[in-house]
Visitor: 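Following this message is one structure expressed as structure tokens.
If you're wondering where the values come from, they're calculated on a predicted model, not measured in any experiment.
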2 protein chains.
Amino acid sequence: MAQAPYTRVKDFLKQGLAEGRWTPGAQMPSESELVSQFQVSRMTVGRAIRELQAEGLVTRVQGVGTFAAHLARVSSTLTITDLHEDILSRGHQHQARVVLSRQEPTADGLAQQLGLPLGAPVFHTLIIHYENGVPLQCEDRYVNPACAPDYLGVDFTQTTPTHYLLEVAPLWEAQYSIEAGQPSAHEAELLGITPADPCLIIVRRTMNRDVPITLARLVHPGARYQIHGQFKP
Amino acid sequence: MAQAPYTRVKDFLKQGLAEGRWTPGAQMPSESELVSQFQVSRMTVGRAIRELQAEGLVTRVQGVGTFAAHLARVSSTLTITDLHEDILSRGHQHQARVVLSRQEPTADGLAQQLGLPLGAPVFHTLIIHYENGVPLQCEDRYVNPACAPDYLGVDFTQTTPTHYLLEVAPLWEAQYSIEAGQPSAHEAELLGITPADPCLIIVRRTMNRDVPITLARLVHPGARYQIHGQFKP
DNA sequence: CAGTGGTCTAGACCACTGA
DNA sequence: CAGTGGTCTAGACCACTGA
């Protein structure tokens, strides 16, 4: 099975970039040069270069040319996964304990974050997730009732809020922050650690077309949780 | 200025996905349906759908069809930025203090990580980065001498190792982990914090075509450093 | 078999850049 | 002006799937 022509062009350029044949900022072969070099149509080399551009490996300027990208800002993907699936994929058991599940009036900062009027009802759950019996995450979550009216009726020992919300409210945009911090006294108690133990804290807000769906604070004992990732062009 | 036809098709599909018009797993219009609906050529709808596929919004199966993606695994981009640029972009001042810069014999675990024989020389720098005079990062870095022979001669109060290495050794692949932990006694002293203060610790290894270039441990006081990101299709 | 996506071609017109 | 990328068309052949 012969390789597709556009991948041959793409691989040629990619290899040259890896070898430093075109150093960052240098002009790369034009579409017409590649057309005659590879004896393919311009659509084909166009696709090859466009994909490299999408991967951030080259930059293009109309009327000027294609250039090897400055890799100063290399980006990697950080995947928002469902903790339940993560744990199962490690061949371990996942349990959840629902500490709290109720409706509350929205407090001050929260109202703003969820785009609700101050004091409007909001759903609040506090769930501890265990991997093989060991507490791994304290999930403190507020949900916009308009996006998931039946949220409080769900049995979260059987499904996770993340999973349920992805089903009922198509996620469209997410913002998150990651930091190291100390758990609150209550969180420490629930996680079976001391308030001095460092934790990885992720705060995440998801929205659908400017309507906030949910705000979650995810606290993980530092010794038990790591984020891994890699970048590969 | 009329919108390009392929973006019209792409936006139509994207909007439908945001509205939940096609729920995860549902079959979406075929290329030929879109061709007659939009009165464009198949190449054009093909490009629109291919880009949605690259963004992870749809999945395609040859001979079967195009389907709305299950968004269970939504990914966001985490950008490897140069701390120096980060700080300047906030309008702040960046200073670096070189605590250590020398050649050492490679220790056990390190040799493996860098693909060097045990005891082979390796470059080692320890640098503290300050934002407006406040310690923000402790950068403990080992460098494969073969990739950057002049590394130890560089004045790292003037340029950062990240920046220098991106210049001399085209980065091609990176692996990282992020966790919360406690600094070593030495790190705490250098950062002006106590060993009990939680820190965000990033360990990053970069390589070029299977040749490890550098391994860095970046320790940040939790109270002073956060990672922010967002996902938006 | 009909329908799907995967890919390619040989041309075309355009906007933009810099000499 | 010549050269660049941005985009499109109308066809084509193919591999694959499921009835």
Side-chain angles (χ1 to χ4, degrees), chain A residues 1-17 21-71 73 233, chain B residues 1-17 21-71 73 233:
Chain A
M1 51 182 291
Q3 214 182 0
Y6 88 90
T7 58
R8 286 197 300 120
V9 177
K10 190 175 167 182
D11 289 348
F12 165 76
L13 296 171
K14 215 160 168 170
Q15 169 118 9
L17 287 165
R21 175 165 166 178
W22 302 289
T23 55
Q27 181 154 13
M28 298 184 58
S30 71
E31 294 198 348
S32 59
E33 284 174 310
L34 292 166
V35 162
S36 46
Q37 184 176 342
F38 285 89
Q39 294 289 300
V40 296
S41 78
R42 214 190 122 203
M43 279 298 282
T44 300
V45 313
R47 173 168 177 185
I49 301 176
R50 198 167 348 102
E51 293 193 0
L52 292 176
Q53 184 183 22
E55 292 172 26
L57 296 177
V58 305
T59 58
R60 313 189 82 184
V61 182
Q62 192 177 14
V64 184
T66 301
F67 303 87
H70 292 278
L71 287 182
R73 285 176 205 75
Chain B
M1 51 183 291
Q3 213 182 2
Y6 88 90
T7 59
R8 285 197 302 123
V9 177
K10 191 175 167 184
D11 288 348
F12 165 77
L13 295 171
K14 215 161 169 171
Q15 169 118 8
L17 288 164
R21 176 166 167 175
W22 302 289
T23 55
Q27 182 154 12
M28 298 182 57
S30 71
E31 293 198 347
S32 60
E33 283 173 310
L34 292 167
V35 162
S36 46
Q37 183 177 341
F38 284 89
Q39 294 288 302
V40 296
S41 78
R42 213 189 124 206
M43 278 299 281
T44 300
V45 313
R47 174 169 176 185
I49 301 176
R50 198 166 351 101
E51 293 193 0
L52 291 176
Q53 184 182 24
E55 292 172 26
L57 296 177
V58 304
T59 59
R60 313 188 82 182
V61 183
Q62 191 177 13
V64 183
T66 301
F67 303 87
H70 291 278
L71 287 182
R73 285 175 207 76

Visitor: Relative to the 5' end of DNA chain D, which residue comes earlier, A:R42 or A:G63, by the nucleotide with the nearest heavy atom?
Guide: A:G63
Visitor: Rounded to the Å, how far apart are A:E33 CD and D:dA2 P?
Guide: 18 Å
Visitor: Between D:dT4 and A:S32, is there an OP1 or OP2 to side-chain N/O distance shorter than 4.0 Å?
Guide: yes
Visitor: Name the residue closer to the 5' end of DNA chain C, choosing between B:G65 and A:T44 according to the nucleotide with the nearest heavy atom.
Guide: B:G65
Visitor: In whole angstrom, give the distance that lies between atom CZ of A:F67 and atom C1' of D:dG5.
Guide: 11 Å
Visitor: Could you state the atom-to-atom distance from CD of B:Q3 to C1' of D:dG6 in whole Å?
Guide: 15 Å
Visitor: Charged N to carboxylate O under 4.0 angstrom, B:R60 versus B:E31?
Guide: yes
Visitor: Please state how far atom CE in B:M43 lies from atom P in C:dT7, giving the value in whole angstrom units.
Guide: 10 Å
Visitor: How is B:R47 classified with respect to the nucleic acid when contacts are heavy atoms under 4.0 Å: base, sugar-phosphate, or nothing?
Guide: sugar-phosphate
Visitor: Please compare B:V40 and A:Q62 by the position of their nearest nucleotide in DNA chain D and report the one closer to 5'.
Guide: A:Q62
Visitor: Could you state the CD1-P distance from B:I49 to C:dT4, rounded to the nearest angstrom?
Guide: 11 Å
Visitor: Report yes if at least one side-chain N or O of B:T66 is closer than 4.0 Å to OP1 or OP2 of C:dG5; otherwise report no.
Guide: yes
Visitor: I'd like to know if the side chain of B:Q15 reaches the main chain of B:F12, judged simply by a donor and an acceptor atom lying under 3.5 Å from each other, with no hydrogens or angles considered.
Guide: no
Visitor: Does the pair A:E55/A:K10 count as a salt bridge with the N-to-O cut at 4.0 Å?
Guide: yes
Visitor: Is D:dC16 paired to anything, Watson-Crick or G-U wobble with both distances less than 3.5 Å, and if yes, which nucleotide?
Guide: C:dG3
Visitor: Could you tell me which nucleotide pairs with D:dC8 by Watson-Crick or G-U wobble geometry, both distances under 3.5 Å, or answer none if nothing does?
Guide: C:dG11
Visitor: Do you know which two heavy atoms are closest between B:F67 and B:M28, and how far apart they sit?
Guide: C-SD, 3.9 Å
Visitor: Using a cut-off of strictly less than 4.0 Å, decide whether A:S30 has a side-chain nitrogen or oxygen near OP1 or OP2 of D:dT4.
Guide: yes
Visitor: What integer distance in Å separates A:R60:CZ from D:dG5:P?
Guide: 6 Å
Visitor: Between D:dC13 atom C1' and B:E31 atom CD, what is the distance in whole Å?
Guide: 15 Å
Visitor: What integer distance in Å separates B:Q53:CD from C:dG6:P?
Guide: 6 Å
Visitor: Ignoring hydrogens and angles, does a donor from either the side chain of A:R50 or the base of D:dG5 sit under 3.5 Å from an acceptor on the other?
Guide: no
Visitor: When you measure from the side chain of B:E51 to the backbone of B:A48, do you find a donor-acceptor pair of N or O atoms at a distance under 3.5 Å?
Guide: no
